[in-house]
Amino acid sequence: MNVGSLVARHARYRSDHLALVCGNTRLTWRELGVRVNKLSNALLAIGLKKGDKLAVVMPNCLEVLETYW
């Protein structure tokens, strides 16, 4: 199972369970899935395709995990 399908699976079957905590921000699996899908669609919209490389430089934060997934 790849990591992306892990988020989708948890968003489906454990949607209201806590997925991530960073400072005062708490995300359920559903919320995380929505955010990951929005970012994925935005990257596709600017022309990224499966297999392309993407570099991310930012401090440790929720957005790093969203980008990873």
Side-chain angles (χ1 to χ4, degrees):
M1 174 185 308
N2 68 36
V3 175
S5 65
L6 174 81
V7 173
R9 181 177 180 173
H10 276 74
R12 177 178 292 140
Y13 296 111
R14 299 176 54 87
S15 61
D16 294 325
H17 287 88
L18 192 59
L20 294 173
V21 176
C22 184
N24 293 329
T25 304
R26 296 174 172 272
L27 294 178
T28 64
W29 284 104
R30 177 185 302 121
E31 292 166 331
L32 178 61
V34 167
R35 291 172 65 133
V36 168
N37 283 331
K38 282 183 180 181
L39 178 58
S40 298
N41 287 328
L43 293 173
L44 290 171
I46 64 169
L48 252 60
K49 299 178 296 301
K50 185 175 182 175
D52 286 350
K53 306 294 187 237
L54 173 69
V56 177
V57 179
M58 62 178 82
N60 287 339
C61 57
L62 294 174
E63 291 80 7
V64 170
L65 292 172
E66 292 169 356
T67 304
Y68 175 73
W69 283 321

Undergrad: Spell out, yes or no, whether Ile46 and Met58 are grouped together once hydrophobic residues are joined by side-chain heavy atoms under 4.5 Å, including indirect joins.
TA: yes
Undergrad: Look at atom CG of Asn60 and say whether more than 12 heavy atoms of other residues, nucleotides or ligands are closer to it than 6.0 Å.
TA: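 At most 12 heavy atoms, drawn from other residues, nucleotides or ligands, come within 6.0 Å of this atom.
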Undergrad: Considering only residues two or more places apart or on different chains, which pairs with a residue in residues 26-46 satisfy salt bridge (charged side-chain N to carboxylate O under 4.0 Å, His left out)?
TA: Asp16-Arg30, Arg35-Glu63, Arg35-Glu66
Undergrad: Find the distance between NE2 (His17) and CH2 (Trp29) and round it off to the nearest 0.5 Å.
TA: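 Answer rounded to 0.5 Å: 11.0 Å.
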Undergrad: Minimum heavy-atom separation for Cys61 and Cys22, please, with both atom names.
TA: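 Minimum heavy-atom contact is CA-SG, 4.3 Å.
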Undergrad: Are Trp69 and Leu44 connected in a single hydrophobic cluster, I mean Ile/Leu/Val/Met/Phe/Trp/Tyr linked by side-chain heavy atoms less than 4.5 Å apart?
TA: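 Hydrophobic grouping puts Leu44 apart from Trp69.
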Undergrad: Please give me the minimum heavy-atom distance between Ala19 and Leu32, naming the atom from each residue.
TA: CB-CD2, 4.1 Å
Undergrad: Who passes salt bridge (Lys or Arg N to Asp or Glu O under 4.0 Å) against Lys49, sequence neighbours left out?
TA: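 By the salt bridge (Lys or Arg N to Asp or Glu O under 4.0 Å) rule, Lys49 matches Asp52.
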Undergrad: Please tell me whether Tyr68 and Leu62 are part of a single hydrophobic cluster in this structure, the criterion being side-chain heavy atoms less than 4.5 Å apart.
TA: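 Hydrophobic grouping puts Tyr68 with Leu62.
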Undergrad: Could you walk me through whether Leu43 and Leu54 pass side-chain contact (heavy atoms from CB on, under 4.5 Å), step by step?
TA: CA-CA 10 Å; Leu43 293 173; Leu54 173 69; 4.0 Å; yes
Undergrad: Say whether Val64 and Leu39 are linked into one hydrophobic cluster, either directly or through other cluster members, by side-chain heavy-atom distances under 4.5 angstrom.
TA: yes
Undergrad: With clusters defined by side-chain heavy atoms of hydrophobic residues (ILVMFWY) lying less than 4.5 Å apart, directly or transitively, does Tyr13 cluster with Val7?
TA: no
